[in-house]
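Working notes, structure below.
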Amino acid sequence: MMAPEKRTRKAVKREDMEYQASLESPASSDKEDVAVDMSPRGNGKVKEPCRVCGDEVSGFHYGVRTCEGCKAFFRRTIQKGKEYTCRANQECPVERLGKARTQRCCFCRFQQCVAVGMKIEAVRQDRARGCPSASGSRSRSGVDGSDGSDAEQEPAETKPKRVRQAVVNTRGATRKAPTKAPRGAAPDTASSSNGANEIDDSGFQKFTSLMPRIPRLVQQMKSTVPAESPWKESLITVLREETAKPGAAPLEVICNVLDKKVYSFVEWARDSSFFDSLDYEDQKKLLQFGWNSFLMFDIIYHLSASEISDHFELPNSGKLRMTELAALGLSSNSAAIQEVVESVRKLNMNRGDYLNVKMILLLNPFVPGLVKMRPIRYAYEKCQEDLKAESTTNHADLPGRFANVMKLVTEVRKFADEGEHFLYTRARQDGYLDDTLLLEMIEMKRES
DNA sequence: GCTCAAGGCCAT
DNA sequence: ATGGCCTTGAGC
């Protein structure tokens, strides 16, 4: 049953690493950098310099071949949420000199880590050890960006197959866009039976023709994101509709609003020709794993831009706080969400950044079990590049801005997973999720 | 059973 | 705080 997804995690991860390395290694080729180490420990194996500091590489760490020191430094920085400042001009040398554990400028070292492509999102929130993929029972946060909670496992068999189809087929955009081909019987899905090598075999031809078009298609997809004021109006409309229902509890209102938002999210994604060109199963996975952080960040950004106020008056039952809606109902996270709002403000994030972050949250190549990951990864990296370019060219006054935005992405994912867990345990119990697309999305993710 | 990339431990 | 070494656990 889980066999088809088995390859995938490690092989795809590996492929991702190599792809990343190929992108990140600028002028100097790998071959130029390496030397054969004939020392007893080196055992005649290839020795190469850490991409951050030039020390001896000990393996792939967070997506890049680095030494043990930079690996530990990077992990500590993320896990402990450290923030550094540079006492000089942010161009300090980060090379390791000899074997001495000399103090290096942490700011510049971390900047270098991010610059060579070390992935902040690969540092796990849950501190679980071992292989990052964690298929089998359930997935974890971190690389795969999935549910980091220790929620109980729902037996997959309890859910009818019908629902499996429902998420995108019946209730999603295809309903409104019948011209889209039914892809259940498409030849590319047939190849997933052995779960191996789809990317290089059936997917390759399609991918190579799609690849040059991806930046434009992604741009197109971004351009269909509603502008600030229509976004605000549609949220207010939904809120009015839901709060008008007599006797609606605040959490019920939140669930209903989220359900409608999830519905439009699915429709929006499926209406994009880029998203539509992705493998059908992958589309479903991206939607299932991305909706929570996507909607959360949506509200966070608009709160930061002061497009909406934090308080919304309910006709019958007091006030609804927008931070609580953003927290997916988990009010204990409201304060943390408010802090993220402040961070977005401090980072001076503009609409371009907002669109890039949204795409990064949706087009997450670390979602477990993706069949044809390449176009997703390419688009994801394109958005990261855009984000980085914006930070370096227009926000020189905010050192480390790009890395901080990516940290926010990780935080939003974590809060979104917590919120989703809350919805699944609490709101479902109260019956607020009955017959909602929201519940289907949550359940399907848990089944996968 | 081996490999690899996670996190942890602890002498420095 | 650092980084070398250890443990862990999924994938093969």
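Order of the sequence lines sets the chain letters (A, B, ...), proteins ahead of strands, with each chain counted from 1. Remember, predicted model here, so these are calculated numbers, not experimental data.
- Ion pairing between A:Lys388 and A:Glu385 fails under the 4.0 Å rule for side-chain N and carboxylate O.
- Rounded to 10°, the helix from B:dG1-C:dC12 to B:dT12-C:dA1 has 10° between the axis fitted to its first five pairs and the one fitted to its last five.
- Within 4.0 Å of A:Cys106, counting heavy atoms only, lie sugar-phosphate atoms of the nucleic acid but no base atom.
- Nearest to the side-chain atoms of A:Asp55 among the listed nucleotides C:dT2, C:dG4, B:dA6 stands C:dG4.
- Per the geometry, NZ belonging to A:Lys119 stands 15 Å off C1' belonging to B:dA5, to the nearest Å.
- Under the 4.0 Å criterion applied to side-chain N and carboxylate O atoms, A:Glu342 and A:Arg345 are assigned as salt-bridge partners.
- A salt bridge does not link A:Arg413 to A:Asp417: none of the charged nitrogens lies less than 4.0 Å from a carboxylate oxygen.
- Taking the ring centre of A:Tyr424 as origin, the terminal cationic atom of A:Arg428 falls inside the region bounded by 6.0 Å and 45° from the ring axis.
- Here B:dG8 presents its C1' atom at 19 Å from CZ of A:Phe73, a figure rounded to the nearest Å.
- In this entry the distance linking CZ of A:Arg96 with P of C:dT2 reads 11 Å, nearest Å.
- Residue A:Val123 has its side chain nearest to B:dG7 when only C:dT2, B:dA5, B:dG7 are considered.
- Computed from coordinates, the A:His61 NE2 to B:dC4 C1' distance equals 9 Å when rounded to whole Å.
- Between the CD atom of A:Glu68 and the P atom of B:dC10 there is a distance of 17 Å, rounded to whole Å.
- Between the base of B:dG8 and the side chain of A:Arg76 there is no donor-acceptor pair shorter than 3.5 Å.
- When the nucleotides B:dA5, B:dG8, C:dG3 are ranked by their closest atom to the side chain of A:Gln79, B:dG8 comes out on top.
- Residue-to-nucleotide contacts include no donor-acceptor pair under 3.5 Å from the side chain of A:Arg75 to the base of C:dG3.
- Looking at A:Lys71, its side chain comes within 3.5 Å of the base of B:dG7 through a donor and an acceptor atom.
- Look at CZ on A:Phe366: it is 13 Å from C1' on B:dA5, rounded to the nearest Å.
- Going from atom OH of A:Tyr62 over to atom P of B:dG7 covers 4 Å, rounded to whole Å.
- For the pair A:Arg104 and A:Glu95, the salt-bridge criterion is not met [side-chain N within less than 4.0 Å of a carboxylate O].
- Here the side chain of A:Gln283 pairs a donor or acceptor atom with the backbone of A:Phe275 at under 3.5 angstrom.
- Between A:Asp353 and A:Arg401 a salt bridge is recorded (basic side-chain N to carboxylate O distance below 4.0 Å).
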